[in-house]
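Have a look at the structure below before the remarks.
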Amino acid sequence: MRAHIEELIIQAIGYLKREGELDSELEVEVRAERTRDREHGDYACNIAMVLARPTGRKPRDLAERIRDRLPPSKRVEKVEIAGPGFLNFHASPHYLRVVVREILADGDDYGRAPKGSRGEILAEFVSANPTGPLHVGHGRGAAYGASLSAILEAAGHRVHREYYVNDHGRQMDILAVSVWLRYLELAGEALSFPTNGYRGDYIFDIAREVRARHGDQLRHPMTTVMDDLPPDGEEGDPEQHIDALIGRARELLGESGYEACFSAALETMVTDIRDDLKDFGVEFDRWFSERELESSGALKRAIERLESSGWLYTKDGAVWFKASEFGDSKDRVVIRENGRTTYFASDVAYLLDKLERCPGTSLYIFGADHHGYVPRLKAAAQGLGEDPEQLDFQLVQFAVLFRAGKKVQMSTRSGSFVTLRELREEVGKDAARYFYIMRSHEQHLDFDLDLAKSSANENPVYYIQYAHARIASVFRELDRRAQRHNQAIGEAAIDRLDSEHEQALLRALGRYPEVIENAAERRSPHVLAHYLHDLASGFHSWYNNSPFLVEDDDLRNARLNLVAAIGQVLRNGLSLIGVSAPEKM
RNA sequence: GCCCCGGUAGCUCAGCAGGAUAGAGCAGCCGCCUCCUAAGCGGCAGGUCGCAGGUUCGACUCCUGCCCGGGGCGCCA
């Protein structure tokens, strides 16, 4: 509808240009917007005020000229000029009639643009290191990424969802060693666990598995393990200690023994994360392994590409990328003095791989703490000879849990953090998904656990779900009365929906496709969450105001059409944000 | 020091590609179940849109500076 109105105005201006009323060179960007006040019709356009300056004419005069030239439209009842020169468009009854029919006909597809009608997007999100279970911070990225991906898809984009698995670096080695040490403990060795090791209980679980599979094969006496290692903790450097321990593990276990610990840890963690996310309604098309970048040659290829364009140089024994040439604050090391590639090198390789596979947009969804990556990845894109505009970064701010009005403290190292799984078990998937995205992702989130768990009216999730359940219950009651909903009769009598509540609901339903579009463009699922809350509110209000199951066949069926349409839109919207639409509560 | 978010009603937040009287939920107060689920509805009350300049016919929205809160700045991952 909005696009339709904009088109009408563009045509009107075109006429005026041809008639010489307006300078044909004049550049105009027409934008219609939803009015806030019903008094102002349904859509308003400020184009007359915008053009007043360059043309040196009075806005109201211009507005009249434009109105006179507007092509007729069945969807527009009247156009008024108001205030300083707004063009106010009132939707026609015809348009409102069509809305319900369209929703009932399209069903689950209502509000969905044709697949592929917009560009292709590769969305990467979560990508948490597989060194431990997901915590509540990852939860927000997961909920946001999944909801946004679904919305983008509904808006017509082709979307690829990817999780980048950091299965390569030092953290993974530390994880493997942690597992091995716990294994040794289980085998009966006495040891003091390194300060920087991973301490969570899940490490024991993995160690038990390793032991079940390999028995005592990987056992070495602690005296050998610790022999001559730099000290840990207070009197030493924990970093040096753990690195030496990694070296020792490789030495004693050999390639295959070490790999046993490593892959047991990796597989267990990735599987655990995958299951966790699946239960959260978050699924990926691809789990992209960092190690694959090396084995597939992508890493080498990316570095060569930077090299051949002359963006690499050697300093202090390391190879650097001239990121500062492209606006990054400093140059970045690609190959370290010790010959190993950096994490950044993998990022560049993964980026190259993404751009080769997806010709559209590479969407990065990061935690806000990663904002420093933005300039360096844009620099990388340019260094590769690609367009940095293809990269889209969305930074998700932190979520802080509150219980009984107090902040819930989290500490990652100790292993006593609140996991996503725990959160899900406590408040449920629906509430968690909704709460995570109900606020703008650019906004810090106070996650109120008590509110999320509350089954009272203050909980917005239940409020929306309740509207849907009530709708289902209306049809159950109809059934109980042995009556049938006749859509055709309702459609013929659609003009009977003339109360304020009904008119407002028709307008709200018609707005849904624009909400999807807007939420997609702004990368903001919260826009949809708010809309659904609004729609539910409109429904509850109507529900209390007038009965649906009335004697009058025409009126009853017309109202049931509207009720069914609202249920459909609630369902469609909720499914995009991963919240269920219950039939009963 | 530099960079990124935010500062709107008592609380949590919408609104911000400039527009017509600044919105919602919660909390507070007052009402509504012989009726399709009261997990609901109606009403009242509540705001110097952090502060100061600037751009504009018009600024919560854009620009600059400052103040306050959160986060980030590695040959770590």
Side-chain angles (χ1 to χ4, degrees), chain A residues 29 31 33 35-37 39-40 44 46 49-50 52-53 59 82-86 88 129 131 166 168-174 239 290 315-320 329-330 332-338 340-346 366-375 393 395-398 400 402 405 438-448 451 454-467 469-478 480-481 521-522 524 526-527 529-530 533-534 536-537 539-550 556 559-560 563 584-585:
Chain A
E29 197 189 338
R31 214 163 255 285
E33 57 174 16
T35 55
R36 290 177 204 172
D37 190 337
E39 293 282 300
H40 302 137
N46 66 349
M49 278 122 84
V50 173
R53 173 164 280 262
F86 287 104
N88 289 339
N129 284 349
T131 50
N166 294 123
H168 189 63
R170 177 165 169 267
Q171 292 305 317
M172 277 308 299
D173 286 322
I174 295 177
E239 301 289 341
E290 183 183 354
K315 192 182 83 178
D316 305 331
V319 178
W320 299 67
S329 56
K330 57 170 78 166
R332 306 286 170 180
V333 172
V334 178
I335 303 173
R336 278 180 273 184
E337 203 179 351
N338 65 14
R340 293 186 71 172
T341 54
T342 58
Y343 187 79
F344 174 69
S346 296
F366 284 152
D369 53 336
H370 282 62
H371 83 263
Y373 281 40
V374 176
F393 297 93
L395 302 173
V396 179
Q397 295 293 322
F398 284 15
V400 182
F402 281 80
M438 70 197 268
R439 304 298 179 213
S440 161
H441 62 286
E442 298 173 335
Q443 185 89 244
H444 291 239
L445 175 73
D446 286 352
F447 194 120
D448 186 335
L451 182 63
S454 148
S455 54
N457 54 4
E458 70 224 26
N459 189 332
V461 192
Y462 289 158
Y463 184 84
I464 300 170
Q465 291 182 317
Y466 184 47
R470 266 184 157 175
I471 286 168
S473 135
V474 169
F475 286 98
R476 276 197 300 273
E477 177 62 18
L478 184 76
R480 202 190 59 77
R481 296 185 190 182
E521 261 171 40
R522 292 178 48 190
S524 296
H526 78 275
V527 167
H530 281 271
H533 194 271
D534 261 13
S537 167
F539 173 75
H540 285 310
S541 189
W542 182 41
Y543 181 96
N544 274 275
N545 176 269
S546 63
F548 309 144
L549 303 180
V550 292
R556 185 181 63 249
R559 286 186 175 163
L560 286 174
V563 171
K584 249 183 199 172
M585 285 174 78

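The sequence lines fix the lettering, A, B, ..., with proteins before strands; numbering per chain opens at 1. As the structure is a prediction and not an experimental result, all values here were calculated from the model.
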Starting at [atom1] of [X] and ending at [atom2] of [N], how long is that distance when rounded to a whole Å?
X        : N     : atom1 : atom2 : answer
A/Arg480 : B/C35 : CZ    : P     : 11 Å
A/Leu451 : B/G25 : CG    : P     : 14 Å
A/Phe402 : B/G70 : CZ    : P     : 12 Å
A/Arg559 : B/C36 : CZ    : P     : 16 Å
A/Ile464 : B/G25 : CD1   : C1'   : 11 Å
A/Met438 : B/G23 : CE    : P     : 21 Å
A/Trp320 : B/C75 : CH2   : P     : 5 Å
A/Arg336 : B/C76 : CZ    : P     : 5 Å

Exercise for the section: State whether A/Phe539 and A/Arg470 meet the cation-pi test: NZ (Lys) or CZ (Arg) under 6.0 Å from the six-membered ring centroid, and within 45° of the perpendicular axis. Expected result: no

[atom1] atom, [N] versus [M]: distance in rounded Å?
N     : M     : atom1 : answer
B/A20 : B/C63 : C1'   : 25 Å
B/A27 : B/C11 : C1'   : 7 Å
B/G70 : B/C29 : P     : 34 Å
B/G46 : B/G25 : C1'   : 14 Å
B/A22 : B/U61 : C1'   : 12 Å
B/U55 : B/G15 : P     : 29 Å
B/C5  : B/A9  : C1'   : 23 Å
B/G23 : B/C44 : P     : 13 Å

Scan [X] against the nucleic acid and name what it touches under 4.0 Å (heavy atoms): base, sugar-phosphate only, or nothing.
X        : value
A/Glu337 : base
A/Arg170 : sugar-phosphate
A/Ser546 : base
A/Ala467 : nothing
A/His444 : base
A/Asp534 : nothing
A/Met49  : base
A/Ser329 : nothing
A/Ala82  : base

Would you say [X] reaches [N]'s phosphate, i.e. side-chain N/O to OP1/OP2 under 4.0 Å?
X        : N     : value
A/Tyr463 : B/C41 : yes
A/Arg522 : B/C16 : yes
A/Arg556 : B/C36 : no
A/Lys330 : B/G74 : yes
A/Gln443 : B/G70 : no
A/His526 : B/G15 : yes
A/Ser541 : B/G42 : yes
A/Arg470 : B/A38 : yes

Handout entry: 5'-most by nearest nucleotide on RNA chain B - A/Arg481 or A/Phe344
Key = A/Arg481

Exercise for the section: For A/Tyr543 and for A/His540, find the nucleotide of RNA chain B with the closest heavy atom, then tell me which residue's nucleotide is more 5'. Expected result: A/Tyr543

Exercise for the section: Would you classify B/C33 as syn or anti? Syn applies when the glycosidic angle is within 90° of 0. Expected result: syn

Is it the case that the base of [N] and the side chain of [X] share a donor-acceptor contact (distance under 3.5 Å, atom types as modelled)?
X        : N     : answer
A/Asn88  : B/A20 : yes
A/Asp369 : B/G71 : no
A/His371 : B/C3  : yes

Problem - Side-chain donor/acceptor of A/Asn88 to backbone N/O of A/Ala44, under 3.5 Å - result: no

Fill in the blank from the handout: Considering only heavy side-chain atoms of A/Asp316, the closest of B/C4, B/C75, B/C13 is B/C75

Completion exercise
Against the side chain of A/Ala44, the closest entry in B/C13, B/A20, B/C36 is B/A20

Exercise for the section: With sequence neighbours left out, write down each residue that passes ring-ring contact (aromatic ring centres under 6.0 Å, His included) with A/His540, or none if nothing qualifies. Expected result: A/Tyr463, A/Tyr466

Problem - ring-ring contact (aromatic ring centres under 6.0 Å, His included) partners of A/His370, counting only residues at least two apart - result: A/Phe366, A/Tyr373

Exercise for the section: Before accepting this row, confirm whether a basic side-chain N of the pair A/Arg522/A/Glu442 lies closer than 4.0 Å to the acidic partner's carboxylate O. Expected result: no

Handout entry: Test item: side-chain donor near acceptor, A/Ser346 and A/Glu290, under 3.5 Å
Key = yes

Exercise for the section: Starting from Watson-Crick (N1-N3 plus N6-O4 or O6-N4) and G-U wobble pairs under 3.5 Å, report the runs of at least three that RNA chain B belongs to. Expected result: B:1-7 with B:67-73, B:10-13 with B:23-26, B:28-32 with B:40-44, B:50-54 with B:62-66

Practice task
Decide, applying a 5.5 Å centre-distance limit and a 30° plane-angle limit (both strict), whether A/Phe86 stacks on B/A20.
Solution key: yes

Problem - B/A20 base stacked by A/His40 (centroids within less than 5.5 Å, tilt under 30°) - result: yes

Distance from [X] atom [atom1] to [Y] atom [atom2], nearest 0.5 Å?
X        : Y        : atom1 : atom2 : value
A/Arg559 : A/Leu549 : CZ    : CG    : 10.0 Å
A/Asn166 : A/Met172 : CG    : CE    : 9.5 Å
A/Glu239 : A/Ile174 : CD    : CD1   : 6.5 Å
A/Asp534 : A/Ile464 : CG    : CD1   : 9.5 Å

Handout entry: A/Phe475 and A/Leu560: CA distance, side-chain angles, deciding distance, side-chain contact (heavy atoms from CB on, under 4.5 Å) verdict
Key = CA-CA 8 Å; A/Phe475 286 98; A/Leu560 286 174; 3.9 Å; yes

